[in-house]
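Throughout, numbering of the chain's residues begins at 1 and tracks the sequence. Scope of the values below: all heavy atoms of this structure, side chains included, with no hydrogens, waters or symmetry mates.
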Amino acid sequence: MRLSPGDRAAFIRAETRLLPTPHAPEIRLHLADEATALWQKTEEELGEIGLPPPFWAFAWAGGQALARYILDHPEEVAGKKVLDFASGSGLVAIAAAMAGAISVDACDIDAFAIESMRLNAEANGVRIMPRSDLAVGADEGWDVALAGDVSYEQDMAQTVTDWLETLHRRGARVLIGDPGRTYLARDRLEQVAEYRVPVTRALEDCEIKRSGVWRFRS
């Protein structure tokens with residue numbers, strides 16, 4: 001079954017609530033109240049067994065930390081072309097737009113994430129460009145590359161980190177938000193900020209995650 005953007009938007013509105021992000025309450029997102037129920041509804045109601053998990057419906061700790069850092073340090077993105085990789089809900093991309101970025105490409109492969117970004121950007125009165133056509137390895141001349149919660153799986157973490165470091169070496173500012181995932185490349189990074197971030201207990205091992213913002217070492 002091929003779903004239209006309208007179908008996806010209707011599902012998101014029905015299964016989430018527009019709520020302030022816990023660690024960046026300036027930003028409101030369409031968020032799920034309970035993780036497992038939405039996972040099941042996504043498969044049952046849409047009839048697409050194996051549909052990607054709805055990562056777009058939750059404010060993940062690394063993304064919250066990165067969004068908070070950007071809102072508190074708008075000079076990192078103001079007047080610049082920004083990429084937000086694996087954007088999910090669009091939280092970090094929206095923070096960049098609110099902080100004055102001249103353009104924000106918000107990249108994700110999940111069609112529901114693309115629609116979620118559109119709805120969330122509209123709810124916050126900002127403009128971002130949701131994109132599903134950007135692959136790891138791309139370089140469209142962004143001044144800043146942002147990535148939250150991309151180090152939870154070994155192969156992906158390695159590939160994404162190598163790519164982001166390539167962008168760093170050619171002069172882009174790269175910032176990574178991470179709550180202590182196993183595969184964060186700590187030997188190649190330095191921490192610039194740390195926060196105690198409220199999270200959904202159903203998705204994490206605690207209710208508060210100590211989460212950092214990292215950059216590549218010079």
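- Here the closest non-hydrogen pair linking Ala101 and Val104 is CB-CG2, 3.7 Å.
- Leu146 and Ile109 fall into different hydrophobic clusters, where Ile, Leu, Val, Met, Phe, Trp and Tyr are joined by side-chain heavy atoms under 4.5 Å apart, directly or via other members.
- Using a 4.5 Å heavy-atom threshold, the side chains of Ser211 and Gln64 count as separate.
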Evaluate the criterion salt bridge (charged side-chain N to carboxylate O under 4.0 Å, His left out) for residue pair Glu26 and Arg68; output intermediate values, then yes/no.
CA-CA 9 Å; Glu26 302 96 319; Arg68 180 74 269 153; 2.7 Å; yes
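- Side-chain atoms of Asp162 do not come within 3.5 Å of backbone N or O of Thr159 as any donor-acceptor pair.
- The hydrophobic clustering, which links ILVMFWY residues whose side-chain heavy atoms are closer than 4.5 Å, places Leu83 and Leu66 apart.
- Distance check, rounded to the nearest 0.5 Å: CG of Asn124 to CD1 of Ile94 gives 5.0 Å.
- Taking both residues in full, the closest heavy atoms of Pro198 and Ile208 are given as CA-CD1, 3.8 Å, listed atom of the first, atom of the second, then distance.
- Thr21 contributes a side-chain N or O that, together with a main-chain N or O of Ile27, makes up a donor-acceptor pair within less than 3.5 Å.
- Between the Arg173 side chain and the Val77 main chain, no donor and acceptor come within less than 3.5 Å of each other.
- For Arg131 and Glu140, the salt-bridge test passes: some basic side-chain N is under 4.0 Å from an acidic carboxylate O.
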Can Arg169 and Glu165 be said to form a salt bridge (charged side-chain N to carboxylate O under 4.0 Å, His left out), step by step?
CA-CA 6 Å; Arg169 286 174 177 167; Glu165 189 167 23; 3.5 Å; yes
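- Qualifying ring-ring contact (aromatic ring centres under 6.0 Å, His included) partners for His30, counting only residues two or more places apart in sequence or in other chains: none.
- Within the 4.5 Å cutoff, the side chain of Ile128 has no heavy atoms near those of the Asp84 side chain.
- Under the 4.5 Å side-chain contact rule for hydrophobic residues, Val82 and Trp142 do not share a cluster.
- Counting all heavy atoms, side chain and backbone alike, Met117 lies closest to Gly88 at CG-O, 3.5 Å.
- Of the candidates Val174, Leu184, Val192, Leu184 is the only one forming a side-chain contact (heavy atoms from CB on, under 4.5 Å) with Trp214.
- Side-chain atoms of Ser116 and Asn120 include a donor-acceptor pair closer than 3.5 Å.
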Applying side-chain contact (heavy atoms from CB on, under 4.5 Å) to Val144 and Glu76, what does each step give before you reach the verdict?
CA-CA 8 Å; Val144 181; Glu76 295 280 11; 5.9 Å; no
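- Other residues, nucleotides and ligands contribute more than 12 heavy atoms inside 6.0 Å of the CZ atom of Arg188.
- Hydrophobic clustering, with ILVMFWY side chains joined whenever heavy atoms are under 4.5 angstrom apart, keeps Ile176 apart from Val92.
- The backbone N or O of Pro20 lies less than 3.5 Å from no partner atom in the side chain of Arg28, so there is not a single donor-acceptor pair.
- A donor-acceptor pair shorter than 3.5 Å cannot be found between the side chains of Asp108 and Trp56.
- The distance from atom CD of Glu115 to atom CZ of Arg13, rounded to the nearest 0.5 Å, is 7.5 Å.
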Go through the steps to decide whether Tyr183 and Thr161 satisfy the test side-chain contact (heavy atoms from CB on, under 4.5 Å), and finish with yes or no.
CA-CA 10 Å; Tyr183 301 110; Thr161 302; over 6 Å; no
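- Atoms CG and CZ, on Asp110 and Arg8 in that order, are 8.5 Å from each other to the nearest 0.5 Å.
- In the hydrophobic clustering, Met129 connects to no other residue, as no ILVMFWY side-chain heavy atoms lie under 4.5 Å from its own.
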Check the pair Asp178, Leu189 against side-chain contact (heavy atoms from CB on, under 4.5 Å), reporting the backbone distance first and the verdict last.
CA-CA 11 Å; Asp178 188 88; Leu189 302 168; over 6 Å; no
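- Summarising the local packing, CZ of Arg127 is surrounded by 12 or fewer heavy atoms from other residues, nucleotides or ligands at distances under 6.0 Å.
- Residues Ala145 and Leu167 come closest through the heavy atom pair CB-CD1, 4.0 Å.
- A continuous path of hydrophobic side-chain contacts links Val150 to Trp163 [ILVMFWY only; heavy atoms under 4.5 Å].
- Contact detail for Ala95 and Ile70: the closest heavy-atom pair is O-CG2, 3.8 Å.
- Listed here is the closest heavy atom pair of Leu38 and Ala57: CD2-CB, 3.5 Å.
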Give the C-alpha distance, both sets of side-chain angles, the deciding distance and a yes or no for side-chain contact (heavy atoms from CB on, under 4.5 Å) between Leu134 and Phe85.
CA-CA 9 Å; Leu134 284 175; Phe85 177 73; over 6 Å; no
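- Results of the ring pair (Phe, Tyr, Trp, His ring centres under 6.0 Å) test with His23 over Tyr195, Trp60, Tyr69 single out Tyr195 as the only residue that passes.
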